Amino acid sequence: MKISKIKKLLDAKVICCEHLLETEVNSACGSDMMSDVLAFVKDNAVLLTGLVNPQVIRTAEMMDIKCIVFVRGKEPTENVIELAQSMEIAILTTDERMYVACGKLYMNGLEGGSVITS
Amino acid sequence: MSEPVVLKYNVDGENFTSAGEASVAVKKSLRQMGFPPEAIRRVSIAMYEGEINMVIHADGGEATVNVYPDKIEIILADKGPGIADISLAMQEGYSTAPDNIRSLGFGAGMGLPNMKRYTDDMRIESEVGVGTTVYMTVNV
Ligand SMILES: Nc1ncnc2c1ncn2[C@@H]1O[C@H](COP(=O)(O)OP(=O)(O)OP(=O)(O)O)[C@@H](O)[C@H]1O
Ligand SMILES: [Mg+2]
């Protein structure tokens with residue numbers, strides 16, 4: 001699914017890296033716990049989260065995640081936006097809550113990834 | 001064996017905002033050195049978890065990364081409170097992180113298990129009241 005489609009499905013606003021909108025993502029992960037995100041292995045994922053601190057951006061960078069969606073209308077601060085820009089990570093923000101945002105993407109064919117278990 | 005490229009960082013324990021910066025820098029260096037993306041990701045995730053642990057549980061410390069052509073060693077040393085029961089700390093879901101840390105997105109008790117999962121070798125040396133050193137190796 002293209003990031004532009006995620007934007008449309010979630011009626012989201014693009015905060016930075018608009019040039020990545022035509023990038024494809026293959027799976028999604030929704031969590032407010034960064035170690036849960038880091039236990040997740042799929043390539044080309046989008047991260048949905050209600051947290052807006054710099055560690056969210058660094059966690060995404062560690063995982064090679066190219067797009068983060070902030071749910072519940074969360075707006076990142078300027079320093080968080082700058083960090084995302086420097087790492088070329090697209091940031092979207094939606095008024096939807098986590099459950100609904102994930103549900104909409106799943107219903108439209110974006111699958112969850114797997115978690116390494118051993 | 002050839003001499004490794006050594007990367008060293010001070011991890012600031014006072015400032016949570018900067019937590020993870022050393023891991024970001026290592027990732028960048030390994031990319032520039034041309035390592036395969038999968039190896040880089042494993043090193044990055046394992047080091048990032050360990051770096052965050054030093055900040056939230058041990059008031060910071062020192063990170064050393066030894067880069068060999070065929071393996072990468074990560075050594076994270078702190079002078080924090082130490083870990084009394086290492087096998088308990090290694091269990092998924094075990095965490096002593098307080099609520100303010102949880103609200104920042106950490107404290108799921110998944111960091112040490114993730115570090116083990118993503119590395120080929122991991123060893124913890126810890127003494128209560130003295131500090132903790134975590135040694136990890138990722139084979140390229
Ligand atoms: N460097 C350290 N110094 C002292 N205690 C530590 C250190 N690293 C880990 N611990 C202890 O081990 C526990 C488990 O660590 P682990 O990284 O698995 O989980 P966490 O940091 O609490 O949460 P998460 O990593 O999921 O955000 C910690 O809660 C803490 O009690
Ligand atoms: Mg941890």
Side-chain angles (χ1 to χ4, degrees), chain A residues 23 25-27 29-66 68-72 74 76-89 91 98 113-118, chain B residues 11-12 15-28 30-31 35-53 55-57 74 89-95 97 99-119:
Chain A
T23 306
V25 297
N26 303 325
S27 63
C29 173
S31 182
D32 287 348
M33 291 309 251
M34 293 303 113
S35 290
D36 278 346
V37 178
L38 292 160
F40 170 91
V41 276
K42 272 278 176 82
D43 238 336
N44 288 331
V46 54
L47 168 64
L48 294 97
T49 184
L51 280 183
V52 288
N53 62 38
Q55 276 65 38
V56 175
I57 312 295
R58 294 198 186 103
T59 299
E61 166 73 359
M62 294 301 112
M63 300 291 289
D64 304 311
I65 285 173
K66 287 319 243 172
I68 303 172
V69 180
F70 292 127
V71 296
R72 299 193 297 274
K74 294 277 172 69
T77 57
E78 202 50 49
N79 64 320
V80 169
I81 297 171
E82 276 168 24
L83 195 60
Q85 265 162 348
S86 73
M87 292 168 178
E88 296 250 328
I89 296 171
I91 296 206
M98 178 76 100
S114 51
V115 165
I116 312 185
T117 46
S118 66
Chain B
V11 176
D12 184 359
N15 183 359
F16 183 77
T17 307
S18 64
E21 279 180 351
S23 304
V24 171
V26 166
K27 180 156 195 165
K28 204 169 170 192
L30 294 177
R31 273 183 184 147
F35 282 97
E38 196 46 43
I40 296 177
R41 194 194 306 193
R42 290 168 63 212
V43 170
S44 306
I45 295 171
M47 176 168 172
Y48 184 71
E49 290 280 16
E51 182 183 354
I52 301 277
N53 277 356
V55 176
I56 65 181
H57 305 298
I74 307 152
M90 287 296 302
Q91 283 178 19
E92 286 193 5
Y94 177 83
S95 174
D99 283 347
N100 67 318
I101 295 296
R102 272 169 214 276
S103 66
L104 295 168
F106 294 90
M110 292 294 288
L112 291 173
N114 277 349
M115 287 152 75
K116 181 145 185 76
R117 256 178 226 138
Y118 284 107
T119 56

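Quick note: numbers below take in every heavy atom, side chains included, and nothing from hydrogens, waters or symmetry partners. Lettering follows sequence order; numbering is per chain, from 1. Being a predicted model, the structure only gives us computed values, none of them experimental.
Ranked by heavy-atom pairs under 4.5 Å with chain B, the first of D32(A), T59(A), V52(A) is T59(A). Contact tally against chain A (heavy-atom pairs below 4.5 Å) for A108(B), G109(B), P113(B): the top residue is A108(B).
Pairing each heavy atom of M98(A) with each of S31(A), the nearest pair is CE-N, 3.4 Å. Nearest heavy-atom pair across S23(B) and S44(B) is CB-O, 4.3 Å. Between L38(A) and Y118(B), the shortest heavy-atom contact is O-OH, 2.8 Å. Here the shortest heavy-atom pairing between I52(B) and A19(B) reads CD1-CB, 4.0 Å.
If you measure heavy-atom distances from T49(A) to chain B, you find no contacts under 4.5 Å at all. For F106(B), the parts lying under 4.5 angstrom from a heavy atom of chain A are both the backbone and the side chain. Both the backbone and the side chain of D64(A) come within contact range of chain B, with heavy atoms under 4.5 Å apart.
Heavy atoms from other residues, nucleotides or ligands lying under 6.0 Å from NZ of K28(B) number 12 at most.
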